[in-house]
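Single-structure report; data block below.
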Amino acid sequence: MTLYAVQKFLYELNRTRALQTAYEEDRHAVLEPFDLTDEETSALVEPDIGKLFHLGVNGQILMHFAAFHQIEWQDYLQRMRDGIADYGPVREGVYAMTTGLDDVVAPVHQSSEGSAS
Amino acid sequence: MSLVFAGVCSHAPGITGRAHMADPDVRDRFYDAFRQMGDDLRAAKPDAVVIIAAEHFANFFMNNMPSFAIGMADSYEGPIEDPGWLGIERRQVPGNRDISQRFITEVMKGSDIAYAEEWKFDHGIMVPLNFLTPDYDIPVIPVNINCQGPPLAPLERAWAFGESMRQACEAMPERIAIIGTGGISHWPATPDSGKINEEWDLDFMDRWCRNDKAALLDDDAYNDLKVYADAGQGGFEIRTYLTVSAAARGAKGVVHFCEPIPIFAVSCTVATYDLATV
Ligand SMILES: [Fe+2]
């Protein structure tokens, strides 16, 4: 129903290993107790990081969720950019995007230490 | 006994988690400064280290959000994040329930706070500990200031909280260290991650070193809307830094390191107060 419910679910998931196991087993079932729209549910099931960012999920919560899904850092940033490109600006909350869609804000250092993955 | 050490440092998760993506030259100079702060901290022989962090929804959520909270347990688990992602192994970190309880009781005489007998550490505490007490051998008293879910406590209340903590240190027989972590300007965990307002950071740290209360609480510069515009949502974490200023009670500070490392998302910062200057 609200951004609050989406974030509440992610907060619980991020900090509760039993819930993480349950989420891996049946994503729809663990979302049942939360008052979510179909759009929110599918974004959490897929997961659609770009949609969740667009909906206004706090980056500190979303970042942990992405790490849980083993989404690599640069990929995480790109998925949020894609979300803005596909769905439009962040709807609410304090974690809006202020840079341009194609800006390279934090380049990865290309070193002899190996590939940055 | 009293406050025996006071300082601030960055806590961004990229510092450990994305180490391999940074320019090794600047990264290693930063790490050296961070570890030196740890050496200096341990040389002060604290019985407990108070770590004031702005946590990131590891323990507190908008269903029941305290502006100020202090942990009261004999041990804490961290990190809450995926250990591989953060680059820090999950472990138990020692606390000290007895010291915490007496500290909290004293702080309550000056500030209305929440306490918590359960607390999971996130990068806000784990990244600093990784450099400051790598053997995890000094009991930690975790402190949180809500810098994530507005409405946020006014800066004046953060200052008063710092004063209450100083008073608590002086009322206790133990040697206490206080470390503030976070900031300074940053747009973390968004596509803006890596955007840094270096000028703003240096200006803030200048005010911090002078320990100029009026300049640190300057509402024209640091009201929430202005901070959000100039320093991003991560800038709200200046609360942890100026709380340490209040606790240092007029002492002057030294910046040991403050340089932007965009892939770490912040001006990586290490600074301490010289408590002998008061
Ligand atoms: Fe933070």
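Each chain gets a letter, A, B and so on, in the order the sequences are listed, and its residues count up from 1. Quantities reported herein were computed from a predicted structural model and do not represent experimental measurements. Just so it is clear, the values below take in all heavy atoms, side chains as well, and ignore hydrogens, waters and symmetry mates.
Contacts from residues 8-26 of chain A to chain B, taken as heavy-atom pairs separated by less than 4.5 Å, involve A:Lys8, A:Tyr11, A:Asn14, A:Arg15, A:Arg17 in sequence order. Along residues 83-96 of chain A, the residues that come nearer than 4.5 angstrom to chain B, judged on non-hydrogen atoms, are A:Val94, A:Tyr95, A:Ala96 in order of number. Using non-hydrogen atoms only and a strict 4.5 Å limit, the part of residues 58-66 of chain A facing chain B consists of A:Asn58, A:Gly59, A:Gln60, A:Ile61, A:Met63, A:His64.
Proximity of A:Tyr4 to B:Phe61: side-chain heavy atoms (C-beta onward) are separated by under 4.5 Å at one or more points. Contact check for B:Met65 versus B:Phe57: side-chain heavy atoms found under the 4.5 Å cut-off. Within the 4.5 Å cutoff, no side-chain heavy atoms of B:Pro142 are placed close to those of B:Ile51. Side-chain contact check for B:Gln92 versus B:Tyr76: every heavy-atom pair is 4.5 Å or farther apart. A 4.5 Å side-chain heavy-atom check between B:Val140 and B:Phe121 finds at least one atom pair inside the cut-off. Looking at A:Arg27 and A:Pro47, their side chains come closer than 4.5 Å, going by heavy atoms from C-beta outward. Considering only heavy atoms from C-beta on, B:Phe30 comes within 4.5 Å of B:Ile15 through its side chain. Considering only heavy atoms from C-beta on, B:Asn146 stays 4.5 Å or farther from B:Phe236 through its side chain.
Remark: the backbone N or O of A:Gly50 is not paired with any side-chain donor or acceptor of A:Arg81 at under 3.5 angstrom. For the pair B:Tyr241 (side chain) and B:Gly182 (backbone), a donor-acceptor distance under 3.5 Å is present.
Residues B:Ser185 and B:Asn197 bring no donor and acceptor atom of their side chains to less than 3.5 Å of each other. Counting only N and O atoms by type, the side chains of A:Asp82 and A:Gln78 include a donor and acceptor under 3.5 Å apart.
Contacts between B:Asp82 and chain A at a heavy-atom distance below 4.5 Å involve the side chain alone, from C-beta outward. For a residue to count as touching a neighbouring chain, one of its non-hydrogen atoms must lie under 4.5 Å from one of that chain's; by this rule B:Glu77 touches chain A with the side chain only. For A:Tyr76, the part lying near chain B is the side chain, with the backbone staying farther off; criterion is any non-hydrogen pair under 4.5 Å. Heavy-atom distances place the side chain of A:Gln70, and not its backbone, under 4.5 Å from chain B. Proximity to chain A is limited to the side chain of B:Tyr228, based on heavy atoms less than 4.5 angstrom apart.
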Could you give the side-chain donor-acceptor pairs of residues 150-159 of chain B under 3.5 Å, partners two or more places apart or in another chain?
{"unit_1": "B:Trp159", "atom_1": "NE1", "unit_2": "B:Glu163", "atom_2": "OE2", "d": "3.2"}

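Between A:Trp73 and B:Trp85, the ring-plane angle classifies as tilted under the 30° and 60° cut-offs.
Annotation: maximal heavy-atom pairing with chain A below 4.5 Å, among B:His56, B:Arg18, B:Gln148, B:Glu81, occurs at B:Arg18. Of the listed residues (B:Ser193, B:Pro260, B:Pro13, B:Gly149), the greatest number of heavy-atom pairs within a distance under 4.5 Å of chain A belongs to B:Ser193. The candidate with the highest count of non-hydrogen atom pairs below 4.5 Å against chain A, out of B:Ile261, B:Leu86, B:Asn63, is B:Asn63.
Between B:Lys120 and B:Glu55 there is no salt bridge, since none of the side-chain N atoms of the basic residue sits less than 4.0 Å from a carboxylate O of the acidic one. Contact check on B:Glu259 versus B:Arg29 returns a salt bridge, with a Lys/Arg side-chain nitrogen under 4.0 Å from an Asp/Glu carboxylate oxygen.
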Practice problem: Take A:Thr99 and B:Lys195 through the side-chain hydrogen bond (donor to acceptor under 3.5 Å, both in side chains) test and state the conclusion after the steps. | Solution: CA-CA 8 Å; A:Thr99 52; B:Lys195 180 176 165 183; over 6 Å; no
